[in-house]
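Structure first, then comments.
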Amino acid sequence: MSTPRRPRTDASGPSSRRRADGSPVDRAPADPVAAAAEPEAPGPDTAETSGRRPGVVTVVVGAVALEALALVVACGVLIGAWVTGGVDSVGSAVALVVLGLGFAAILGGSARALLRRRRWARSPIVTWQLLQGLAAFTAAGQFSAAGALAAWCVVGLSAVVVVLLLTRPAVRWTTDGTESAEGAGSRGRSGIVR
């Protein structure tokens, strides 16, 4: 009869855990709640994981808020044209206003969620930037010189927002601390909210 093998307790074992500074954790904490409250040693990337918002996130939120505001203004202009009789098809104008205001609401909600460190906020922002950039790129050849310049500025803005949103500080902002921001205290090991 053989005795069961005990797991290795040294730091070289496959189940060893490490702190943020790279030092091994030798034992499991007796009180997991107290261990979660202990501050970890500061690592090289503490600006992204601390409470301070990285500058790239601020720039992305500002650009997305500006785009949402531009959509609302464009919808207002379209409503004004509709009221004054400058619209040929009322159905198309109503559909464009509803669509534009819907996209503005999604962008505004995504910008707010990005400020709150929600991971899902990156997806609608990147999707909008791709749609907006491709539409502006396609339309750039249809305008006069001033319109083409404006379209190329929109393409550039879309590219900058996507690149900034995919930088390491922005990704860390939305992935580190996500559980604490979304209420990890009410989740069990399975991730199900109790």
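- Residues passing the side chain to side chain contact (heavy atoms under 4.5 Å, CB included) test with Val171 are Arg122, Thr175, sequence neighbours excluded.
- By the side-chain hydrogen bond (donor to acceptor under 3.5 Å, both in side chains) test, Ser92 is found to be paired with Ser89, residues two or more places apart in sequence or in another chain being considered.
- The hydrophobic clustering, which links ILVMFWY residues whose side-chain heavy atoms are closer than 4.5 Å, places Ile125 and Val154 apart.
- For Thr58, the side-chain hydrogen bond (donor to acceptor under 3.5 Å, both in side chains) partners two or more places apart in sequence, or in a different chain, are Arg53.
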Please report the C-alpha distance between Leu114 and Val64 in whole Å, then the side-chain angles of each, then the deciding distance to 0.1 Å, and finally whether the side-chain contact (heavy atoms from CB on, under 4.5 Å) criterion is met.
CA-CA 10 Å; Leu114 189 61; Val64 170; over 6 Å; no
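- With contacts defined as side-chain heavy-atom distances shorter than 4.5 Å, the pair Val56/Trp173 does not qualify.
- Alongside Phe137, the hydrophobic cluster contains Trp152, Val155 (criterion: ILVMFWY side chains under 4.5 Å).
- No path of Ile, Leu, Val, Met, Phe, Trp and Tyr side chains, each step under 4.5 Å between heavy atoms, connects Leu131 with Leu134, placing them in separate hydrophobic clusters.
- Using a 4.5 Å heavy-atom threshold, the side chains of Ser110 and Trp120 count as touching.
- Contact record, Ser158 with Gly133: OG-N, 3.6 Å, taken as the closest heavy-atom pair.
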Per-pair distances, 0.1 Å, donor-acceptor, side chain in residues 96-109, under 3.5 Å, sequence neighbours excluded:
none

Pair up each side-chain donor or acceptor in residues 66-78 with any protein partner under 3.5 Å, not counting sequence neighbours, and list the distances.
residue, atom, partner, partner atom, Å
Glu67, OE1, Gln129, NE2, 2.7
Glu67, OE2, Gln129, NE2, 3.4
Glu67, OE2, Gln132, NE2, 3.0

Just do the side-chain contact (heavy atoms from CB on, under 4.5 Å) check on Trp82 and Val94 with the steps written out, would you?
CA-CA 9 Å; Trp82 174 29; Val94 169; 3.8 Å; yes
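- Val126 and Val163 fall into different hydrophobic clusters, defined by Ile, Leu, Val, Met, Phe, Trp and Tyr side-chain heavy atoms under 4.5 Å apart, directly or through other members.
- Residue Leu157 comes nearest to Ala63 through the heavy atom pair CD1-CB, 4.0 Å, listed as atom of the first residue, atom of the second, then distance.
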